[in-house]
Amino acid sequence: KQEVTQIPAALSVPEGENLVLNCSFTDSAIYNLQWFRQDPGKGLTSLLLIQSSQREQTSGRLNASLDKSSGRSTLYIAASQPGDSATYLCAVPKYNFNKFYFGSGTKLNVKP
Amino acid sequence: GAGVSQSPRYKVAKRGQDVALRCDPISGHVSLFWYQQALGQGPEFLTYFQNEAQLDKSGLPSDRFFAERPEGSVSTLKIQRTQQEDSAVYLCASSLTRTSGSRDEQYFGPGTRLTVT
């Protein structure tokens, strides 16, 4: 069974810092990996989806990388802002896309 | 267009009651997923539909949980004889297709927070 782990569980940084969130998975045979943001009491919002053939995907101040062979993905947030405060989750699909496995998330707090 | 909607947003049930949670996916989306999210945890997969077919229900925690999507659009998750351990947020997600290697993103609803007292 695929296990997805996210480190750290929580992170508090001052505004303006660049930061890295980590996601690791045990089965490297994945088709893609998706990063989500979840605000308190809300559903998940998709941030980035990286295909297995890609190594990086960028959207604005966000950059996600994928290293399948080592079972890792990182989400880089540049010049963090208080509005970035949320929980960030990563997810990978089962081979037949019938199921997705999520990490437990990193709760980010960006202090003004 | 409209996103994924879920109702009710909040549900309080007494232990032993039956509940029904509704999910309206994005129109035309083939795939529909239900997840259970405990406080401070990531979503845990419950079940998957491709159109009206329930292709995977391996995540349903007990036979008290039942899901359906009879016409391939709206889905209902039913929990019979609710227990306190059923208290969680229930999330629904839909995606357009189910093809490997695709850019097929999941779109999530806001969730239903179920509290069993």
Side-chain angles (χ1 to χ4, degrees), chain A residues 1-10 21-25 29-54 57 59 64 66 68 73 86-108, chain B residues 3-7 9-10 21 23-26 29-51 53-60 88-113 115:
Chain A
K1 179 191 169 186
Q2 177 77 269
E3 300 283 345
V4 181
T5 305
Q6 291 188 248
I7 295 173
L21 308 181
N22 297 292
C23 171
S24 61
F25 43 94
I30 63 169
Y31 285 111
N32 61 43
L33 184 144
Q34 196 167 356
W35 282 93
F36 294 87
R37 168 186 173 137
Q38 186 173 32
D39 293 283
K42 302 286 180 62
L44 280 68
T45 301
S46 178
L47 297 174
L48 289 164
L49 183 147
I50 314 179
Q51 300 290 356
S52 60
S53 56
Q54 297 176 311
Q57 190 70 243
S59 176
L66 176 63
K68 278 183 57 178
S73 176
T87 296
Y88 291 81
L89 297 135
C90 63
V92 295
K94 188 178 176 182
Y95 68 92
N96 59 5
F97 278 71
N98 281 6
K99 174 185 293 193
F100 283 77
Y101 300 96
F102 279 82
S104 54
T106 294
K107 187 173 183 179
L108 173 64
Chain B
V4 178
S5 61
Q6 293 185 245
S7 60
R9 290 293 314 280
Y10 304 92
L21 312 180
C23 172
D24 283 82
I26 294 173
H29 276 197
V30 167
S31 296
L32 186 145
F33 301 83
W34 282 99
Y35 295 89
Q36 180 188 61
Q37 187 175 26
L39 191 64
Q41 299 297 314
E44 290 283 341
F45 170 82
L46 293 176
T47 188
Y48 165 70
F49 289 87
Q50 183 181 356
N51 295 309
Q54 189 175 22
L55 299 187
D56 192 326
K57 54 182 181 179
S58 62
L60 295 177
V89 175
Y90 291 85
L91 295 166
C92 173
S94 69
S95 61
L96 183 58
T97 60
R98 192 199 66 95
T99 54
S100 63
S102 74
R103 287 201 54 78
D104 204 18
E105 297 178 38
Q106 290 187 85
Y107 296 87
F108 279 79
T112 295
R113 181 177 296 277
T115 303

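Each chain gets a letter, A, B and so on, in the order the sequences are listed, and its residues count up from 1. Scope of the values below: all heavy atoms of this structure, side chains included, with no hydrogens, waters or symmetry mates.
For A:Leu44, the parts lying under 4.5 angstrom from a heavy atom of chain B are both the backbone and the side chain. Looking at B:Gln106, the atoms closer than 4.5 Å to chain A (heavy atoms on both sides) sit in the backbone and in the side chain alike. Using a 4.5 Å cut-off between heavy atoms, B:Tyr35 touches chain A through its side chain atoms alone. Of the atoms belonging to B:Ser58, it is side-chain heavy atoms, and not backbone ones, that fall under 4.5 Å from chain A.
When each of A:Lys42, A:Lys94, A:Gln34 is checked for heavy-atom pairs under 4.5 Å with chain B, A:Gln34 comes out on top. Contact tally against chain B (heavy-atom pairs below 4.5 Å) for A:Ala91, A:Gly43, A:Gly105, A:Cys90: the top residue is A:Gly43. Looking only at heavy-atom pairs under 4.5 Å with chain A, the residue among B:Gly42, B:Gly109, B:Pro43 that has the most is B:Pro43. When the candidates A:Lys107, A:Lys99, A:Gln6 are compared by the number of heavy-atom contacts under 4.5 Å with chain B, A:Lys99 comes out ahead.
With rounding to the nearest 0.5 angstrom, the CZ atom of A:Phe102 is 11.0 Å from the CZ atom of B:Phe45. Of the inter-residue distances, the one linking B:Glu44 atom CD with A:Tyr101 atom OH reads 10.5 Å to the nearest 0.5 angstrom.
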